[in-house]
There are 2 protein chains.
Amino acid sequence: MVDLRSIAKRYQMGEHTVHALHPLNLQFHSGQFVAIVGPSGSGKSTLLNLLGLLDQASAGEYWLDGQNVANLPDREISAIRCLKIGFIFQSFNLFPSMSVLENVCVPMHYAEKPKDLMRERAMEVLDRLGLKDRIDHKPTELSGGQRQRVAIARALANDPPVLLADEPTGNLDENTGEEVMEIFRELRSEGRSVIMVTHNPEYEDQVDRVISIHDGNIIRS
Amino acid sequence: MVDLRSIAKRYQMGEHTVHALHPLNLQFHSGQFVAIVGPSGSGKSTLLNLLGLLDQASAGEYWLDGQNVANLPDREISAIRCLKIGFIFQSFNLFPSMSVLENVCVPMHYAEKPKDLMRERAMEVLDRLGLKDRIDHKPTELSGGQRQRVAIARALANDPPVLLADEPTGNLDENTGEEVMEIFRELRSEGRSVIMVTHNPEYEDQVDRVISIHDGNIIRS
Ligand SMILES: Nc1ncnc2c1ncn2[C@@H]1O[C@H](COP(=O)(O)OP(=O)(O)OP(=O)(O)O)[C@@H](O)[C@H]1O
Ligand SMILES: Nc1ncnc2c1ncn2[C@@H]1O[C@H](COP(=O)(O)OP(=O)(O)OP(=O)(O)O)[C@@H](O)[C@H]1O
Ligand SMILES: [Mg+2]
Ligand SMILES: [Mg+2]
C-alpha cells in the first residue's frame, strides 16, 4: 500500500545541514495499527507529515498503491489528503475563528457531505469524545486536552481509511486517553490503518507493529 | 505564602455560564513540589494561570505573602510575574520570530541581566535540556518536544523562586521527561516552589503533595 524508497528529509541552515530523516525504506500494509516511537527530535513528526502528503521529501520516492506520488497532479494529491487520510496534528492546528462544530465539519465540506448528515456525524464524534457541551466554543475557549480532542474528531469526521495521529493523547488524562485508544482499536478492527506517533510506552503492547526512530534513522520496524 | 480565598472563575457564554472553577480555598507554602492532577477540562490550567497572575479571578481573593494582590499596582504585579515566577505554558507560547536563544533571554532582559551573563545562563539551561545544537532555530524549525523544552528553559532562566509548569512533559519521551523532573527536584531541594500540572500518574509519588481537581472543584489537597 505505502512504499517509501530511500526517503530522506534535510533542512539547510546556512552552512549546516539538519538531517531530520536519513535515507530510509519503509512499507505499510492496510489494516494495521502501527506505533512510531523514539526520542524527542528523532524525526517522528517529519515521517508522519511525509506519509500524510503534508510535506515533500528531499530525496527518494513515495509509492502509494502502485503509483509514484511525485507524478500525481496536485488536484489528486489534495483529494487523497482530504478524503483518504485523517491527520491529527501534534499542535492541533484548529481554525481559531471557527467553533468546535465548524472545525469538525471542515473535512466534510470538502467531501461535499449533505449538511444534515455533516452535523449528525460531527455531533456523533464530539459526543464520543466528551465534547458535546463545548460545540459552540472557539478553540481559545477550550482546555488543552479539549483542543486535542477536537483535532481528533476532525480527523475522524470523514471515516478515512487511513488515520495518522501525532501524539494524540499527549494532553489527555489516562481515562480520556484510553477512550481515544478504544476508538483507534475499533478503526483497526474495521480494517482501517492507524499510524500513531506516541511517547507512551504502555501503548506499544496494544499495537500490531512498532517502528522505532532514533536521530533520523529507523532502528526497528 | 499563597492563600486563595473563595477563588472562582466563570465564563459567560450567552445564556450559559461555564464554571471553570467553583469557589475554592487553597494555601501553598514555599519549598514544596506540588502536583495538580485531574481530568481534561477540570480546571487545572485555569488554577495555574490564576496562581501565576496571568488571569484574574471572577470572585474571591488572592493573598500573596500577606498582601491582597488586587490592591497591588500593575507595575508591581508585572514585576512579581516576571521576576518571581517562572511559567511553562501548556501550549508553550514561544515568540515565533525569535530564535531559541532569544526566546530564553526574554525574561532576563526584563530582569536587566548583563548581556554576557544572560547568554551564559541561556546556554547553560539549553545545554542541560539537550538543545545546544538548536539555539539559532526558530520555533517553527523545531519538533514539538524541542519547543516544550525551550518553554521550560525560558521559565528557568531567571532562577525564579516559584516555578509553575503546565504539563511540562506532555510532548516528551520518558528519558527526556525524566531529565525535566530531575531539574524540578533540584529546584525543590534548593528551597524553591514547583507547582506542576500533570497527567502522568507516575509523577504523583515523586512530589510532596497532590491536589486533585474535578469539574472545577478541589476533591483532594
Ligand atoms: N475562555 C473560555 N471560555 C469558556 N470556557 C472556557 C474558557 N477557557 C476555558 N474554558 C473552560 O474551562 C474549563 C477548564 O479549563 P482548563 O483549561 O482549566 O482545563 P484543564 O484542567 O487544564 O484541562 P486539560 O487537562 O485538557 O488541559 C474547560 O471545560 C474549558 O472548556
Ligand atoms: N523547518 C526545520 N528546519 C530545521 N530543522 C527542523 C525543521 N523542522 C524540524 N527540524 C528538526 O528535525 C528534527 C526532527 O523533527 P521532528 O519534528 O520530526 O521530531 P519528533 O520526533 O516529532 O520530535 P518530538 O517527539 O519532540 O515531537 C528535529 O531535530 C528538528 O529540530
Ligand atoms: Mg513530533
Ligand atoms: Mg490544561
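Naming convention: chains lettered A, B, ... in sequence-line order (proteins, then strands); numbering from 1 in each chain.
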Between chain A and chain B, are any donor-acceptor pairs under 3.5 Å, and how far apart is each one to 0.1 Å?
unit_1, atom_1, unit_2, atom_2, d
A:Ser40, N, B:Asp173, OD1, 2.7
A:Ser40, OG, B:Arg149, NH2, 2.7
A:Gln90, NE2, B:Asn171, OD1, 3.0
A:Arg149, NH2, B:Ser40, OG, 2.7
A:Asn171, O, B:His199, ND1, 3.4
A:Asn171, OD1, B:Gln90, NE2, 3.0
A:Asp173, OD1, B:Ser40, N, 2.7
A:His199, ND1, B:Asn171, O, 3.4

| request: Please identify each residue that fulfils side-chain contact (heavy atoms from CB on, under 4.5 Å) with B:Ala122, with sequence neighbours left out. | output: B:Leu101, B:Val104, B:Cys105, B:Met108

| request: Against chain A, label B:Val18 side chain, backbone, both or neither, depending on which of its atoms sit under 4.5 Å from a heavy atom there. | output: side chain

| Portion of B:Pro39 that has a non-hydrogen atom of chain A nearer than 4.5 angstrom | both

